[in-house]
Amino acid sequence: MLIIHSLIGTMRQWLFVLLLLSAGFTSSAEIIVFTDEMTDIYFCAEDFDLYVDSTNQLSIQEIHKIKEVAFFVDMSNGRPKAVSGNTYWLKFRLSNQSQHSLLLYHFYSHNASQLTLYRHNKDGSFDKQTAGRDRPFSFRDIHHQDFVFELSTSSDTLLYYVKVVTKDKINLSSKIQTMPDFVDRELPKYIRAGLVYGLILMAILVNLLLFLIVRENQYIIYCLYIAMLLLYLLSIHGMGFQYLWPGLPILNDYTLIISNTLMIVLAVLFIKEFLNISLLSTLWIKVLYLVVVYKIMFSVYHYFKIKDATALLYIDLFPFIVFLFIGVVAYIKGYKPARFYVLAHFLLFLSYVLMIMAYTPLFYDWRLPSWSFHALEYGLVLQSVVLSTALADRLKTLKLQREIASRKVIEQLQENERIKDEHNRNLEQKVEERTAVLRIQALRIEKMNALLLEQNKQLLGDMSSIAKARVEQRPSTFEEFKKIYTDDEACLVFLSNLKWKNGFICRKCAYTHFTEGTTPYSRRCSRCSKIESATVDTIFEGTRFPLVKAFYITYITNSSKRVTSEELSKILDLRKQTCWTFAKKVEEAIRKRKKRSEKNWINLLLTKK
């Protein structure tokens with residue numbers, strides 16, 4: 001890691017001529033004369049004096065007293081660069097000989113922690129204007145992504161000092177310009193940025209909509225990737241501080257490095273999802289994981305050691321080369337959607353290289369156009385358009401593959417259906433043949449069963465008639481009685497049919513329609529919901545012992561055979577008192593009817609309580 005850092009520093013400094021002399025300012029810088037023919041003046045190294053305050057404690061009065069020579073000028077084609085960890089003082093003299101009502105001092109780098117412009121007055125006092133990355137954006141007199149200060153319009157030669165406090169490496173380039181020139185140059189930049197960022201946001205929304213439709217992770221990952229790349233650009237150019245977090249200057253220390261790191265991590269996740277890397281080789285998965293580790297390590301090292309935003313451009317070259325190479329491999333392997341991916345990353349890679357060239361002193365002599373400093377923004381827009389096309393093409397390819405697979409499935413299903421139908425026809429033919437044989441046998445069996453059923457019915461009817469006759473005509477034992485009335489349920493069925501043989505009539509409202517009640521063989525009135533059991537209004541109402549035994553007591557009490565309560569108790573396994581009480585109840589019913597009939601003992605059952 002230290003070797004890479006050294007290479008980066010060497011690449012950026014090998015053309016620089018570093019002049020260090022002992023303490024103080026030089027008076028070698030010429031007076032800057034601004035005339036009517038001028039619209040702006042770029043500061044070169046010979047236009048101002050530069051003093052390095054390594055103590056970070058000197059005041060403007062102490063700086064003003066320094067007379068001796070002390071240069072710390074990094075001569076990179078007239079664009080001096082500062083080193084982090086010190087306070088830098090720039091001094092220049094300006095004479096405004098033009099008719100312009102307002103001149104501006106424009107300091108290009110927006111990463112200075114604190115920037116203060118001092119103007120020396122004739123009375124020895126100083127007027128100052130202060131701004132900086134560590135101060136809320138609202139403190140700036142002119143709201144711009146860079147630092148812009150108003151200069152005096154006096155025609156006298158005025159002395160200015162610029163105090164630059166920085167934690168990161170920044171460019172000390174600056175210029176003096178008129179207000180019309182400032183508006184003509186900066187307004188198109190903001191319009192261009194608005195269009196670029198608007199297109200990027202549209203790409204995010206489109207892919208977010210696709211994610212909500214198809215529910216594939218690659219779309220939401222791509223949205224997050226574009227969002228992090230957008231945040232990275234906003235952080236580099238200072239527009240994030242201007243528009244997104246103007247009241248939170250502390251975020252300036254983290255948004256750049258965090259968004260840059262997440263951008264690479266999300267790019268790895270997107271590539272893994274989009275190119276189906278696992279289908280190519282496990283080697284490429286390991287390479288992508290290596291890229292993530294590489295990026296995280298250098299991000300941490302950059303945050304604590306390098307502290308130069310442009311260094312991130314060099315660090316990110318390796319991941320972008322890997323991404324492009326993997327796309328080419330995927331396309332060669334026959335993955336057709338990779339062709340759009342390769343084109344998108346090639347365009348982004350070119351824009352990245354162009355932006356690196358714009359920020360590298362080695363290429364200052366090439367006089368690259370000003371838009372090259374924002375090349376990554378254009379590359380991102382092109383990548384978003386092409387990758388969105390790639391995602392749509394991949395969706396189309398997947399749809400086509402699914403249609404082909406569906407057709408194959410349908411054809412296979414049709415073949416299966418044909419085989420099944422043929423097999424079924426064979427089976428049906430065999431079944432019909434077997435069914436014809438079984439049908440003849442079934443007819444014979446059916447005739448035999450009908451004959452046996454008729455004989456059984458006749459036999460059961462004869463047996464039942466004999467049993468009933470024995471019960472109705474003469475006294476019988478309890479065991480003989482139970483052959484007809486086997487249990488309580490049989491008694492309830494008999495009693496229910498007897499009680500409602502002429503139809504149901506509700507005792508409460510006289511309604512004749514009913515449904516089943518909550519207890520066996522009870523009935524619920526369909527109008528008033530009154531529930532009536534089979535034993536209500538019968539001699540058995542309120543009986544608390546088995547109903548079949550109550551039936552027998554009724555039968556035997558009505559018969560001519562006299563059985564004592566003690567005998568009934570032993571036969572029915574009931575208490576003597578219970579047998580005596582119910583027998584008295586039956587005797588009372590017989591007295592009400594004024595005659596005893598062994599054949600019609602059943603009529604006693606409907607005697608009301």
Side-chain angles (χ1 to χ4, degrees), residues 110 137 143-146 186-249 251-252 254-271 273-274 309 312-313 316 319-320 323 337 340-341 343-352 354-355 370-395:
H110 57 271
F137 195 86
H143 288 189
H144 188 265
Q145 63 191 78
D146 301 331
E186 300 304 320
L187 184 59
K189 291 182 182 179
Y190 275 83
I191 295 175
R192 182 204 68 240
L195 292 174
V196 169
Y197 298 150
L199 290 173
I200 294 173
L201 288 175
M202 286 180 62
I204 293 176
L205 292 176
V206 168
N207 285 278
L208 183 60
L209 182 61
L210 288 174
F211 167 74
L212 295 175
I213 294 173
V214 300
R215 296 292 180 179
E216 290 189 6
N217 293 335
Q218 57 186 315
Y219 293 98
I220 192 65
I221 293 174
Y222 183 62
C223 289
L224 294 174
Y225 163 69
I226 298 179
M228 287 301 103
L229 195 49
L230 178 60
L231 182 60
Y232 173 61
L233 292 174
L234 290 171
S235 301
I236 284 181
H237 300 304
M239 288 190 176
F241 184 36
Q242 182 176 359
Y243 294 109
L244 299 183
W245 57 89
L248 298 171
L251 293 182
N252 292 321
Y254 306 104
T255 52
L256 180 65
I257 191 67
I258 291 176
S259 61
N260 179 261
T261 303
L262 290 178
M263 173 185 73
I264 299 299
V265 173
L266 289 167
V268 168
L269 295 176
F270 172 74
I271 292 169
E273 289 284 337
F274 181 79
L312 290 174
L313 299 175
D316 289 344
F320 277 100
F323 297 159
F340 290 104
Y341 168 87
L343 176 61
H345 270 275
F346 179 71
L347 293 173
L348 185 66
F349 177 75
L350 286 182
S351 65
Y352 217 85
L354 184 60
M355 188 173 176
S370 59
W371 58 263
S372 61
F373 289 91
H374 304 273
L376 188 58
E377 298 175 7
Y378 303 117
L380 178 58
V381 172
L382 293 175
Q383 187 206 40
S384 300
V385 173
V386 176
L387 271 184
S388 296
T389 305
L391 289 170
D393 179 73
R394 183 178 183 274
L395 192 61

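Along the sequence shown, residues carry numbers from 1.
Going from atom OG of S235 over to atom CG of N252 covers 7.5 Å, rounded to the nearest 0.5 Å. Within the model, atoms CD1 of I258 and CE of M228 stand 9.5 Å from one another, a figure rounded to the nearest 0.5 Å. To the nearest 0.5 Å, the span separating OH on Y197 from CG on L201 amounts to 10.5 Å. The distance from the CD1 atom of I200 to the CD atom of Q383 is 9.5 Å, given to the nearest 0.5 Å. Here the straight-line distance linking atom CG of L205 with atom CD1 of I226 works out to 10.0 Å at 0.5 Å rounding. Annotation: the span from Q145 atom CD to L234 atom CG amounts to 10.0 Å, rounded to 0.5 Å.
M355 places a side-chain heavy atom less than 4.5 Å from the side chain of I236. Contact check for L269 versus L224: no side-chain heavy atoms found under the 4.5 Å cut-off. Between L348 and L382, every side-chain heavy-atom pair lies at or beyond the 4.5 Å cut-off. At least one side-chain heavy atom of T255 sits less than 4.5 Å from a side-chain heavy atom of W245. At least one side-chain heavy atom of F323 sits less than 4.5 Å from a side-chain heavy atom of I264. Counting heavy atoms from C-beta outward, M263 and L229 have side chains that approach closer than 4.5 Å. F241 places none of its side-chain heavy atoms less than 4.5 Å from the side chain of L251.
Remark: side-chain polar atoms of N207 are not paired, donor with acceptor, to backbone N or O of I204 under 3.5 angstrom. Checked by atom type and distance alone, the side chain of H237 never pairs as donor or acceptor with a backbone atom of M239 at under 3.5 Å.
Counted by atom type alone, Y378 and R192 present one or more donor-acceptor pairs between their side chains at under 3.5 Å.
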Show your working on side-chain contact (heavy atoms from CB on, under 4.5 Å) between V385 and L199 and close with a plain yes or no.
CA-CA 9 Å; V385 173; L199 290 173; over 6 Å; no

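With sequence neighbours excluded, the residues satisfying side chain to side chain donor-acceptor pair (under 3.5 Å) with Y190 are Q242. In this structure S351 satisfies the side chain to side chain donor-acceptor pair (under 3.5 Å) test with no other residue, sequence neighbours excluded. Scanning for side chain to side chain donor-acceptor pair (under 3.5 Å) contacts around D316 gives N260, K295, Y352, with sequence neighbours left out.
Within 6.0 Å of the CZ atom in F346, the count of heavy atoms belonging to other residues, nucleotides or ligands does not exceed 12.
Ring-plane geometry between F270 and Y225 is classed as parallel, the angle between the planes falling under 30 degrees on a 0 to 90 degree scale with a further cut at 60. Aromatic ring orientation, H345 versus Y341: tilted (interplanar angle from 30° to 60°).
Nearest heavy atoms, F211 versus E216: CD1-O, 3.2 Å.
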